Every structure is written in C-alpha cells, then in structure tokens.
K.L.:
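The structure under discussion is supplied below as structure tokens; questions concerning it will follow.
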Amino acid sequence: MFRSSLILLCLSACVLLLSAESPAAQKLADFKRVVIADDANAVQRAAADELASYVSRITGQKVETMKASVFALSKTTGASFFVGDGAAELALGSSPKPWKTEEWMLRSVPQGLVLAGDDGEGDPWSITTAAGSMLAVYTLLEDRLGVRWFWPGEFGDHVPANADALVPGLIERRTPGFEIRSVELGYSSIYHTKVFNDAARRWARRSRLGWVKSAVFGHSWEAAFDLRKSETFKQHPEWFALVNGKRRPPQMCTTHPDVIARMVDYVLAGKQDIMNISPSDGGGFCECERCQALDVPGVLAYDKMHVQLSDRIFTYANEIARRVREKNPAKSCGMFAYTYYNKPPVKITRLEPNLYLSFVFQSGAHRDPENLREWRESVSGWQKLGAKMVVREGWGNHYYHDMPFIHDRQIIANLAEASSLGFVAAYGEGSKSFATMAPNFWAITHMMWDPKRDPDKVMPDFYQSAYGPAASEMEAFFGAYSQALDANWSKRDRIVDATGIAYANVIAAWGKLIPAEAVAEAEKHLQAAEAKAPAGEYADRVKFHRFGHEYTKVMLELLANYKSLSELGVKMDFAVAVKATRDDPAARDALLKRTYELGEQREQMLLAHRDWAGPDEGLYAFTNDRNIRQWHTNVKKALGITKPSAVTKETLDGKQGR
C-alpha cells in the first residue's frame, strides 16, 4: 500500500498537466519503456511484451518493460507506455475502472500513453479470456502504426520499419463492435500441427477476436441425452423422434414433457451463462401427432419440399427458456435458426427474453439477389418476435474444399448490415486455407472488430499492406475468382430448390462456377505478381498463394473427374444427382489413372506445408477417419490398388509439420 502511494505521489505532478493540455502527437522513437504494475496479471504482461516487441521492430531500438515501482524511483528520460489498469491508475491519477466487458482505452498523457482495459485472469492467448489491454495494444499497432496480421504463421505479418513514426494524441475508450467475434480455422484443430495451432491462437488474438461472453449455441442433444452411448434410447425410446412409425435417434420428440424437463435441467446445470438447446444436425424429425399438430400446413422450409418446423421447434425452445428463467433469471438459452427451422414461426408472437437466436446463413449466397432478399425478410420476421440475434456464418466451410470461394464484398456488406440491424455477436466456420481465401478472412476480422468502418477502405488496405508493389496484380488475381463466381453463380446445380448454398448444388458444379478461363485469368495475374514482387515478404506471400493456386487447379480437375467417372459407371458415391450415362471402358480406364495421380498429388500437397495456413489436411483426414467422401479410395478400388491414405489422424500424428 505504501509503495503504491509513493508511486502515485511521484507521478501526480505530471498528471495535473493532463487536464490543462490537449493530447499532442509524440515520436514513437521517444518511447523508451513499457510500464506495468508490480502485480500485473498474465494478460497485462503479455500486452506489455507484445507492445515492447513490435515497437522495437518498428523503430529499430530496444524498448524495455519496467515495473511501476522501479519506474517511479528511477531517473528516466523519454516517454513511456503505461499498460494495464494498475499502470493506468498511476499515470492518470485515478483508476480507470469499472470496465465494461472487453472495454479498452488509449489515452495520451504528458509522460506518454496509457493502454488499458478489461483484463481477466487466464491464458492471454485464449480468446475466451478478457484482454482489454491487449486490444488496446493491437489497436495502436494496427490502426496507428501500420502493423498488419494477415494470417497465422509464416509470411503472415507486416511490421513497417519506420524510425520517424508518430503516435498521435489519443483519447479513446470503446468496446468491440460485436460481443462475440470468432471464426474457426479448419474442420478440427486436433488434426493440425502444434506450430500451426499456436500461430492460429496468436493470430486470433492479434486480430482482436474474442469469445469472452459465456455462451454456446450449437447442437445440444448428443450431450444432453448422451447419444453416443445409446443408453438413453434403450431406457426411454419414447423420448426420441417417431419416424416412419419407429422411434429413433438423433432427433428428439420436442413435445414430450420429459424431453422438455431434461433440457431445462441441462441448461441449469451447464457452466455457460447461455446454454445450447438446438436439435441435432440433419433431418429425421418427429412425426408424432403432438409435434405435427404444431406445424403450419402449406408453409415449407428452405428446400421448398419439407414442412417448415419453426413453430414446433420454437415452441420447444420458448418453453425451455421460460422454465429456465423462472428458476434462474441469470441463465439464458442459445438456439439455432437453421435448415428446417431457419425462418420465423407463424403462430408464435414473441420469443422469451432469455432466448438467443444463432441465425445460420452464408453471405456468400448473397450473390443471388433473391437470397439476400430472403435473408432480410427473415431477419425482419425474427426481429418482430424480439429475438436477440447472433450471426452464425459459413464463411469457409467444407462445401468449398479449400478452393477460392472469394466473397469479401458480400462479407463486408453483410456484417455492416447485421450490426446496423442489431445483431449482437458474430461467429462461424472458416478454413485453414488462407492460401486460397485470404481476402475473406481479412474482411471477416476487420468487419467483426468494427462493423461501422468505411467499407470502401477495407480491401485496398489489405492488398497494399500484404503485397506492396504487387498489390494491383494480387487484387486482380483474387478478383478473377470472385468475378467468375459473380458471373456463374446462377449456373450452379439446383438439386435442392434453394437460393442458399446447398452442398448438393455445388459439389458437381465447380467446373461451371470456376471455369478453365477463370483459372487462366488468375494464372496470368499471379505470374504478373511474381514478376513484380520484390524479394522478401511480398514475394514470399505471392509464393504462398502460388501454392494455393496450384492446389485449386488440382481440386478442380479432381472434382470434374469424379463426376465424369460417376457418369462412366464407376462407383464413386460422389453426388446423388450424377448417374451413370456412358459406357466407354477405354475412357474410364484412362481417367481412373489420371484421377489416381491427382488424388495422390492432393495428399502430397496437404502434407507438404502443414505449418502453413494452407489447404486443410484436417478436413481431408476427417473424411477418411469417418469413412465419408471416399472418392480417392473408390478410385484406388477400381484400379485394384490397396495403398492406404497418407492423410488420417493416425498418420498425421506421426508426421512433423514443415
């Protein structure tokens, strides 16, 4: 206590000047140290280390980290950064507390700059830990000093060398634009190398992502009813969905009183403030009289084939939320608006106030004006019910097979609009493959952080910062893919009569969506970028995208071949709509050999640079481990080859990344 008082006394004279002077710009090179409280927590220490490291790299001179007690008793010269609320109190003369969740501040003071915020206890590199001081540090570094983080790992950051950099006078205190900001990188991190996973955690933090809010929205019944062990089904088959006259998992009978009671207990016992109550994935919903009585005849789901289930599902959700609130007013429920229940119910007039709606959609589908119209109409309908809405996106999901489904324009427009419409959070599936989809990720992270930013400045900043002299060529490279999708999106298959992105509608249509001429156009611009990018970070990033481009060419030919082999009578299990229509043994045999070579090349590419943010070996290994999408295996069977895949969880665990 005495030490803190002494430190405060030593600084008080400088603090008095603060109210008399407006903040002035300061030379970055004049900052000699980062000051933290003696009892700074792990987040504040990490924030200080990051700031000292990056400022040292920018200015070319060493910046030290110093405890407040040492600073107060030392004869120091030059300006100082004060990081964390303890150091902030010493610099400001009063505590900046209380903080809102994830709130941060940048405040110029005569002796330097204060960077502080809502800092929780825990792992500073986990986005579930509140880290306001780190948010303040990264806001200074990116927004004011030109540091950029494009993707995890090699070639992924840009730190400008600038001994003349200025720190402007700052008075900022804000909270992030969305309460949750998260994007998954790949299908499952258990398949990725430790090097990549560590880099991904740091990239997420530096990109100012966060999931501090205690919330989970996903499918719940597997956990709530312990479906993997099948014991609940054996003991209570009447709780499960009645389908074709028989009870069966994984869906539940949402009108059964015991199912409701079990879910209420599940939510109340859950560790999260917002607990998931969403049904299992897929179809197979209950056909009992009670459940079907809640459906509205003639109102169809997204596929225009099945009855919309929103009234029955949200009757279930509302009842659980009501009972939960009666027992614990602090508890809430998280619920998907998804597939057969993604549209607003017809008969329900109000959702319970403790029910959060995780609205599942893909802005990539907004290339179709009708899909955008439907999205807006649906959002309006949910808003009329008082829904607390959350973006749940599929920015880079498995439908795309890590190919360049570039839709940064749609992402930027959608997140800006979602914010303006009152969405409180945003999260979704991404991809590990920045090598093919880097522009999408830049749009996602920057619009989630600040959805009110100028949308016209988002992507020019990316291209200029990432590729320097080759910026226009790389913009044209990615633009070739984006423009092809714009021009050809209406040519996708319509196996499922839906305006959204249905797997069945795209899996056999990639040759139409990204035709050979689009690939050739992209190749032309990539070669121009390779010729123009100077050696060093810019050339390295172009080389990184060359790898992604080559993978794209392999995948496009593979998918086209899988379709052709199906048509030639090879059992591929590729796409339900593709049938055997030709009998040409010579063509079949030649195509099998070529497709086998491509499949082996794909596996080799997936293993070549596992530490990179490139095509996801995890997605491919997952399909092998789960025995789904066994297209390469089927090709090998047709050729009589028994060689096992080189990409499974078991084989990946035995390989080191490079």
Side-chain angles (χ1 to χ4, degrees), residues 150-151 155 183 362-368 371 393-414 429-444 458-460 462-464 466-467 470-493 501 503 505-530 532-533 541-560 602 605 612-616 619:
F150 307 116
W151 52 76
F155 334 120
V183 55
Q362 290 172 266
S363 58
H366 292 177
R367 281 190 161 95
D368 185 339
N371 182 262
E393 254 274 21
W395 293 298
N397 72 15
H398 61 93
Y399 290 11
Y400 309 143
H401 294 280
D402 286 335
M403 292 186 292
F405 194 84
I406 305 300
H407 59 290
D408 51 285
R409 289 181 292 104
Q410 289 80 11
I411 292 167
I412 291 168
N414 177 255
E429 298 174 40
S431 163
K432 183 190 173 191
S433 190
F434 289 71
T436 55
M437 289 191 274
N440 291 355
F441 286 98
W442 183 266
I444 292 164
V458 176
M459 298 315 298
F462 167 71
Y463 287 110
Q464 189 59 49
Y467 309 108
S472 60
E473 288 77 12
M474 289 306 297
E475 183 175 9
F477 166 71
F478 285 111
Y481 286 121
S482 181
Q483 291 159 19
L485 290 164
D486 288 344
N488 300 312
W489 187 239
S490 62
K491 300 176 184 178
R492 67 195 184 279
D493 295 336
I501 300 177
Y503 181 77
N505 290 351
V506 297
I507 183 57
W510 285 105
K512 293 182 288 186
L513 299 177
I514 304 178
E517 55 267 28
V519 178
E521 181 72 10
E523 174 68 31
K524 179 182 72 175
H525 295 300
L526 186 59
Q527 289 182 12
E530 289 169 331
K532 198 168 184 180
R541 291 192 193 104
V542 173
K543 180 180 177 181
F544 173 69
H545 294 304
R546 163 61 69 185
F547 182 71
H549 183 60
E550 295 302 317
Y551 184 81
T552 296
K553 291 193 286 186
V554 168
M555 284 305 304
L556 286 170
E557 187 176 354
L558 265 176
L559 293 172
R602 179 192 184 191
M605 295 184 79
W612 284 10
D616 187 5
L619 173 58

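From a predicted model like this one, the values you see are computed outputs, not experimental measurements.
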K.L.:
Applying the ring-ring contact (aromatic ring centres under 6.0 Å, His included) criterion to H545, which one of Y467, W612, Y551 satisfies it?
P.N.:
Y467
K.L.:
Indicate the atoms forming the closest heavy-atom contact of P439 with Y463, along with that distance.
P.N.:
CG-OH, 3.6 Å
K.L.:
Are V519 and T552 close enough that some pair of their side-chain heavy atoms sits under 4.5 Å apart?
P.N.:
no
K.L.:
Could you measure the distance from the NE2 atom of H549 to the CG atom of L526? Nearest 0.5 Å is fine.
P.N.:
6.0 Å
K.L.:
Taking atom types as modelled and ignoring hydrogens, do the side chains of T436 and D402 form a donor-acceptor contact shorter than 3.5 angstrom?
P.N.:
no
K.L.:
Short question: side chain of K491, backbone of K512 - any donor-acceptor pair under 3.5 Å?
P.N.:
no
K.L.:
Of the non-hydrogen atoms in A435 and P615, which two are nearest, and what is the gap between them?
P.N.:
CB-CD, 4.4 Å
K.L.:
Could you tell me which residues satisfy side-chain contact (heavy atoms from CB on, under 4.5 Å) with Q483, sequence neighbours excluded, listed by chain and number?
P.N.:
none
K.L.:
Do W489 and H407 come within less than 4.5 Å of each other through their side chains, counting heavy atoms only?
P.N.:
no
K.L.:
I'd like to check the side-chain contact (heavy atoms from CB on, under 4.5 Å) partners of A529; sequence neighbours left out, ordered by chain and number.
P.N.:
A470, E473, M474, V542
K.L.:
State the CE-OH distance between M403 and Y481, to the nearest 0.5 angstrom.
P.N.:
10.0 Å
K.L.:
Just jot down the side-chain contact (heavy atoms from CB on, under 4.5 Å) partners of N397, sequence neighbours excluded, or say none.
P.N.:
Q362, Y399, Y400, E429
K.L.:
Is there side-chain contact between M555 and W510, with heavy atoms separated by less than 4.5 Å?
P.N.:
no
K.L.:
State the CG-CD1 distance between L485 and I406, to the nearest 0.5 angstrom.
P.N.:
8.0 Å
K.L.:
Between S363 and W395, is there a side-chain heavy-atom distance shorter than 4.5 Å?
P.N.:
yes
K.L.:
Run the ring-centre check on W151 versus F441 and record whether the distance is less than 6.0 Å.
P.N.:
no
K.L.:
Just wondering, do H525 and F478 contact through their side chains at under 4.5 Å, heavy atoms?
P.N.:
no
K.L.:
Side chain to side chain contact (heavy atoms under 4.5 Å, CB included) for I501 and F405? Distances and angles first, verdict last.
P.N.:
CA-CA 12 Å; I501 300 177; F405 194 84; 4.0 Å; yes
K.L.:
Within this structure, what is the CG-CZ distance for the pair N414 and R409, rounded to the nearest 0.5 Å?
P.N.:
13.5 Å
K.L.:
How are the rings of F150 and F462 set relative to one another: parallel (under 30°), tilted (30 to 60°) or perpendicular (over 60°)?
P.N.:
perpendicular
K.L.:
In chain order, what residues pass the side chain to side chain donor-acceptor pair (under 3.5 Å) check against R546, with sequence neighbours excluded?
P.N.:
E523, E530, E550
K.L.:
With heavy-atom distances below 4.5 Å as the criterion, would you say the side chains of L558 and H401 are in contact?
P.N.:
no
K.L.:
Taking side chain to side chain donor-acceptor pair (under 3.5 Å) as the test, write out the residues that go with R367, two or more places apart.
P.N.:
S482, D486
K.L.:
Could you tell me which residues satisfy side-chain contact (heavy atoms from CB on, under 4.5 Å) with P515, sequence neighbours excluded, listed by chain and number?
P.N.:
A484, N488, E517, A518
K.L.:
Which value, rounded to the nearest 0.5 Å, describes the distance between D616 atom CG and F434 atom CZ?
P.N.:
11.5 Å
K.L.:
With a 4.5 Å cut-off on side-chain heavy atoms, are D368 and R492 touching?
P.N.:
yes
